[in-house]
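Encoded as structure tokens, the structure appears first; notes follow it.
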There are 2 protein chains.
Amino acid sequence: MERYQPCCKEEEEFLRNYNPGQFPSIAVTVDAVIFGISRDSAENYRKLDKQSLKVLLVKRTDYPYKDYYSLPGGFVLEGETFEESLQRTLENKTGLKNAYSEQLYTFDGVHRDPRMRVISCSYISLLDTRKARIKDAVWVELEEVSKLAMAFDHSFLIAEAVKRLRGKLQYTDIVFHMMPEEFTISELQSVYEIILGEKLLAAAFRRTIANKLEDTGKMTSNAGHRPSRIFRYKGREC
Amino acid sequence: MERYQPCCKEEEEFLRNYNPGQFPSIAVTVDAVIFGISRDSAENYRKLDKQSLKVLLVKRTDYPYKDYYSLPGGFVLEGETFEESLQRTLENKTGLKNAYSEQLYTFDGVHRDPRMRVISCSYISLLDTRKARIKDAVWVELEEVSKLAMAFDHSFLIAEAVKRLRGKLQYTDIVFHMMPEEFTISELQSVYEIILGEKLLAAAFRRTIANKLEDTGKMTSNAGHRPSRIFRYKGREC
DNA sequence: TATTGTTATTAACAAATTGATAATAACAGG
DNA sequence: CCTGTTATTATCAATTTGTTAATAACAATA
């Protein structure tokens with residue numbers, strides 16, 4: 001947006017004398033639900049039952065909710081956009097500078113935080129776990145989250161994020177943000193299955209996804225079974 | 001959310017002495033993109049080309065952006081949730097207490113407002129125009145919006161809202177919030193057409209929508225042509 | 001009363017998309 | 001060459017769409 005220009009002396013005066021204190025001020029945090037698919041080791045890489053959808057959590061070191069788990073995030077600083085704030089924590093925890101992110105929802109409960117009125121603008125971030133270098137944070141399986149002591153309303157927040165992720169999987173190409181540049185259709189299918197939590201039929205899956213993919217000409221090798229074609233996402237920059 | 005309980009004396013102390021001023025405070029507005037379909041008169045009620053998608057706008061009376069058009073909305077007050085703030089403006093401008101609303105997006109540009117840092121949590125509201133009693137606001141046709149001088153980033157905000165509305169029309173039952181209790185399939189189709197901005201084929205439309213509807217047994221009458229069955233939405237409370 | 005204009009509703013059929021199962025292909029290792 | 005395993009294609013039924021045409025029901029009017 002271009003910089004605002006006052007229309008006249010009077011407005012200039014108005015703005016100069018404006019008292020920001022007349023409206024309640026609210027602290028704002030940006031919290032990130034960072035999703036990754038664990039691919040622990042090379043051997044397990046293609047074994048669906050060894051993989052799972054995970055979220056990145058940090059353990060709080062201060063009050064309130066000391067020692068509880070929470071989403072990575074923090075207060076929006078002076079003159080900082082939400083995206084900037086988000087990228088700051090993202091880089092801090094994962095070492096990644098440009099993971100795909102989108103705004104999820106702004107949580108506004110009056111007593112979310114016992115200190116003061118704090119609203120949380122939450123984001124979903126998707127990344128290829130193998131590119132991330134995690135620091136001061138842990139990957140937690142989705143099913144484990146409900147077993148942990150979670151700070152604030154972050155447990156609910158994660159649940160909402162999962163719903164959104166599952167929904168968007170169906171009608172967007174969002175999944176490719178969690179994939180490496182090149183992958184096989186089976187790998188892609190397993191990512192869908194892990195996120196949706198259900199098995200898909202291979203024949204139908206291939207048919208519908210095929211037109212979004214581009215053959216690299218390469219094949220997997222040394223697998224003890226028929227090798228697989230390797231594809232890349234055909235869509236826009238990813 | 002239940003009220004937070006400090007875990008120990010130390011935390012109690014911490015909270016008592018907490019200084020909220022250490023983090024930047026941001027003013028928050030809630031702005032509503034209120035959609036309605038104009039059905040100006042009884043005669044035009046079923047004539048598609050006489051109807052259009054409209055948004056409710058107000059003319060600003062103060063600086064900044066004095067005399068510009070803007071979305072109805074305002075600052076979130078002390079201890080007020082976004083929904084409460086929204087309902088306040090909604091009732092104020094339309095007389096309606098419970099129009100369907102959902103959060104759209106939180107706009108966070110640092111210089112959105114020349115007075116100070118103000119973020120806008122925006123909502124989409126859908127209503128049946130015939131139930132609304134508009135006060136201090138005007139219905140503006142969507143195409144006219146771009147011709148008006150709009151305050152802040154509200155022009156962009158409206159564009160985003162329209163995208164969301166069109167998208168959600170396809171995979172949710174959101175449309176019924178703009179319909180009266182009882183309606184004909186042709187009326188429903190015309191609402192889809194107005195929002196999407198394109199004609200739909202009647203046969204296909206009926207087929208796909210039919211299973212969401214329940215026949216009231218009533219018919220339209222006195223129309224000069226074959227009368228129409230009157231339906232209601234079968235889904236959950238609406 | 002038969003005809004005309006108009007909108008509603010159903011029918012009918014082709015085209016495209018899905019669901020589901022089976023067949024075939026390609027590899028490593030014995 | 002046979003076995004176990006995963007990849008990929010083929011096949012066919014079932015379902016859903018796109019499209020056009022037929023039929024129905026009314027008011028007004030000839």
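Here is the naming used below: chain letters follow the sequence lines, and residue numbers restart at 1 for every chain. Just so you know, these numbers use all the heavy atoms, side chains as well, and skip hydrogens, waters and symmetry mates.
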Mind calculating the distance between CG (Asn222(A)) and P (dT6(D)) to the nearest angstrom?
15 Å
Ser52(B) and Ile194(B) have their tightest heavy-atom pair at C-CG2, 3.5 Å
Judged by each residue's nearest nucleotide on DNA chain C, which is more toward the 5′ side, Gly224(B) or His225(A)?
Gly224(B)
Lys199(A) NZ - dA20(C) C1' separation (whole Å):
17 Å
Is it the case that the side chain of Arg112(A) and the backbone of Phe152(A) share a donor-acceptor pair, with hydrogens and angles ignored and the cut-off at 3.5 Å?
no
Quick one: sort the Tyr233(B) and Phe176(B) rings into parallel, tilted or perpendicular, breaks at 30° and 60°.
parallel
Side chain to side chain contact (heavy atoms under 4.5 Å, CB included) with Leu90(A): of Leu96(A), Val30(A), Ile34(A), only one passes, and it is Ile34(A)
Not counting sequence neighbours, which residues clear salt bridge (charged side-chain N to carboxylate O under 4.0 Å, His left out) with Glu214(A)? List them please.
Arg232(A)
Ser228(B) side-chain N/O to dT9(C) phosphate OP1/OP2 under 4.0 Å
yes
For DNA chain C, which residues in residues 201-209 of chain B have a heavy atom at a distance below 4.0 Å?
Ala203(B), Arg206(B), Arg207(B)
So do the side chains of Arg166(B) and Ile195(B) get within less than 4.5 Å of each other, counting heavy atoms only?
yes
Euclidean distance, atom CG of residue Asn211(B) to atom P of dT15(D) [Å, nearest integer]
15 Å
State whether the number of non-hydrogen atoms from other residues, nucleotides or ligands found under 6.0 Å of Tyr192(A) atom OH is greater than 12.
yes
Would you work out how much the helix from dT1(C)-dA30(D) to dG30(C)-dC1(D) bends between its ends, with each end axis defined by five base pairs, to 10 degrees?
30°
To the nearest Å, how far apart are Leu213(A) CG and dA7(D) C1'?
15 Å
Return yes if some donor-acceptor pair links the side-chain N/O of Thr220(A) with the main-chain N/O of Ser228(A) below 3.5 Å, else return no.
yes
Between dT6(D) (P) and Glu187(A) (CD): distance, integer Å
14 Å
Looking at dC27(C), dA25(C), dA8(C), which one has an atom nearest to any side-chain atom of Ser186(B)?
dA8(C)
Nearest-Å distance for atom pair CD1/C1', residues Ile230(A) and dA26(C):
15 Å
Rounded to whole Å, how long is the line connecting atom CE of Met219(A) with atom P of dA28(C)?
12 Å
Distance, rounded to the nearest Å, where Phe231(A) contributes CZ and dA7(D) contributes P:
12 Å
Any side-chain heavy atom of Thr29(B) sitting closer than 4.5 Å to one from Ile119(B)?
no
